[in-house]
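Chain letters run A, B, ... following the sequence lines, proteins first, then strands; residues in each count from 1. Computed from a predicted model, the values in this text were never measured in an experiment.
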There are 2 protein chains.
Amino acid sequence: MVKNPERKAQTKSNLMDSFWTLYKKHSIEDISVIKITELAGYNRSTFYEYFMDVYDLLNQIESNLVEKLKLEMIKNLSNPAATDIVDRMAAFFEENGEYLSVLLGSKGDPAFVNKLKALIKPLLMKAMCLSETEFDNQILFEFSLGGMLSALSYWYSNGKLISSGEYATIMRSLLMKGSLGVAREKMGVICLNP
Amino acid sequence: MVKNPERKAQTKSNLMDSFWTLYKKHSIEDISVIKITELAGYNRSTFYEYFMDVYDLLNQIESNLVEKLKLEMIKNLSNPAATDIVDRMAAFFEENGEYLSVLLGSKGDPAFVNKLKALIKPLLMKAMCLSETEFDNQILFEFSLGGMLSALSYWYSNGKLISSGEYATIMRSLLMKGSLGVAREKMGVICLNP
DNA sequence: AATTATTATGCAACACATTGTTGGATATTT
DNA sequence: AAATATCCAACAATGTGTTGCATAATAATT
């Protein structure tokens with residue numbers, strides 16, 4: 001029974017914030033429960049009232065993000081004028097980039113990208129009428145999503161040198177013409193493969 | 001001074017093998033020095049004669065792989081008949097898949113994919129005469145390499161349902177026609193985006 | 001409204017596991 | 001037989017997860 005909900009929510013939020021402050025700079029194996037609670041100003045054992053361990057905390061942050069993206073995607077896919085799904089993904093990344101860029105980065109969680117793919121893939125395949133059981137389609141989506149997430153991460157982490165709209169334009173042409181198509185268009189010819 | 005080189009090499013190799021046996025099944029935070037040395041049949045402190053810590057061991061495995069790929073790539077790029085660079089990458093993944101699929105997977109190392117990209121990107125950009133300083137080109141390569149590595153990982157981890165040659169054919173068409181191009185070709189029309 | 005009873009929230013302290021290091025035993029080469 | 005490379009036992013320090021208790025906030029009673 002929760003007697004003081006605001007206080008409990010506040011404590012949990014404080015612990016999560018302290019964790020994130022550390023996680024932005026250090027990889028998870030360097031983050032001890034002590035460091036989190038010291039930074040947040042609690043006793044170490046208080047941590048265990050809210051989380052099983054540090055990985056549980058991280059998972060809760062990830063689940064919150066995935067849930068948020070799910071709602072966003074369902075909203076956008078139900079909208080028939082969905083040609084700009086790439087824009088919406090870029091916009092979502094921009095809004096939540098502080099978290100996503102860390103989780104998808106060098107010190108991030110390799111399982112997180114799979115959680116994202118597992119959410120996005122079936123929704124998008126259904127919307128595009130592509131069979132989920134067919135192997136070629138799976139490869140196609142692994143390639144496209146893997147590429148998009150890599151590029152999004154690079155874009156965000158390198159100071160967002162272009163707007164999310166411009167970014168989406170590049171993505172669309174990559175998806176429609178292929179990387180080699182875009183490169184060829186740009187150079188006239190590709191040295192390697194004439 | 002190394003007095004007994006074979007023995008030392010053997011011990012190091014035993015420790016690395018034991019680590020890898022554990023790493024295939026468990027994520028790195030669950031792997032203690034004790035578990036490695038127990039499995040390999042050494043005292044725990046022997047470990048520290050060879051490695052700084054568990055992460056140092058992992059890094060040495062990664063460095064070995066990166067070095068191997070580097071030699072392979074330089075060999076292939078110097079060869080003028082390099083239209084089949086995608087085949088060679090698929091073949092390399094197949095040969096070293098036991099390691100690569102784990103490192104690139106859910107319990108793998110998120111830093112490893114960046115090590116690979118940092119190696120491949122400049123070599124390939126040079127070969128294709130694309131400026132490394134231009135932002136658009138960076139995004140293009142992040143997308144392509146991120147996509148390829150995702151797809152390779154999926155292909156290998158799901159039982160290699162097709163040959164590496166067939167896989168390379170799919171990759172080539174994705175790179176040349178784009179994901180949407182391939183999907184459109186396949187379906188006639190895409191529901192979402194007519 | 002004032003006081004007591006209840007219990008949610010946070011903490012101190014315990015037993016245990018893991019880490020990284022130091023100095024010494026033993027086995028192999030010279 | 002001498003030298004020392006290789007491996008190991010034991011130590012101090014740090015982190016983990018749990019148990020039982022203090023206190024402060026709500027609920028119940030008068």
Is it the case that over 12 heavy atoms from other parts of the model lie below 6.0 angstrom from the NZ atom of B/K24? yes
Listing request: all ring-ring contact (aromatic ring centres under 6.0 Å, His included) pairs with a residue in residues 130-153 of chain B, at least two apart in sequence or in separate chains. A/F143-B/F143
With B/E38 via side-chain contact (heavy atoms from CB on, under 4.5 Å) - residues at least two apart: B/I34
If you look at every strand shown and take non-hydrogen atoms under 4.0 Å, does B/F47 touch a base, only sugar-phosphate, or nothing? nothing
Separation of C/dA12 P from A/Y48 OH (nearest whole Å): 15 Å
Check each residue of residues 52-61 of chain B for a non-hydrogen atom within less than 4.0 Å of any atom in DNA chain C, then write out the ones that pass by number, or none. none
Just to be sure I understand the geometry, which residues of residues 6-39 of chain A put a non-hydrogen atom under 4.0 Å away from DNA chain C? A/R7, A/K8, A/T11
Ring pair (Phe, Tyr, Trp, His ring centres under 6.0 Å) with B/Y99: which residues, sequence neighbours excluded? B/W20
Return the set of residues passing salt bridge (charged side-chain N to carboxylate O under 4.0 Å, His left out) with B/E142 (not counting sequence neighbours), or none when no residue passes. B/K117, B/K121
Under the salt bridge (charged side-chain N to carboxylate O under 4.0 Å, His left out) test, residues paired with A/K25 that sit two or more places apart: none
Just to verify, what does B/K177 make a side-chain hydrogen bond (donor to acceptor under 3.5 Å, both in side chains) with, not counting sequence neighbours? B/E185
For residues 47-66 of chain B, pull every pair meeting ring-ring contact (aromatic ring centres under 6.0 Å, His included), keeping only residues two or more places apart or in separate chains. B/F47-B/F51
Write out a two-atom table: protein N or O, nucleotide N or O from nucleotides 8-11 of chain D, distance below 3.5 Å.
residue: D/dC8; atom: OP2; partner: B/N43; partner atom: N; Å: 2.7
residue: D/dC8; atom: OP2; partner: B/T46; partner atom: OG1; Å: 2.8
residue: D/dA9; atom: OP2; partner: B/N43; partner atom: ND2; Å: 2.6
residue: D/dA9; atom: N6; partner: B/S45; partner atom: OG; Å: 3.2

Which pairs, with at least one residue in residues 103-113 of chain B and sequence neighbours excluded, count as a salt bridge (charged side-chain N to carboxylate O under 4.0 Å, His left out)? none
Contacts of type salt bridge (charged side-chain N to carboxylate O under 4.0 Å, His left out), residue B/K68, not counting sequence neighbours: none
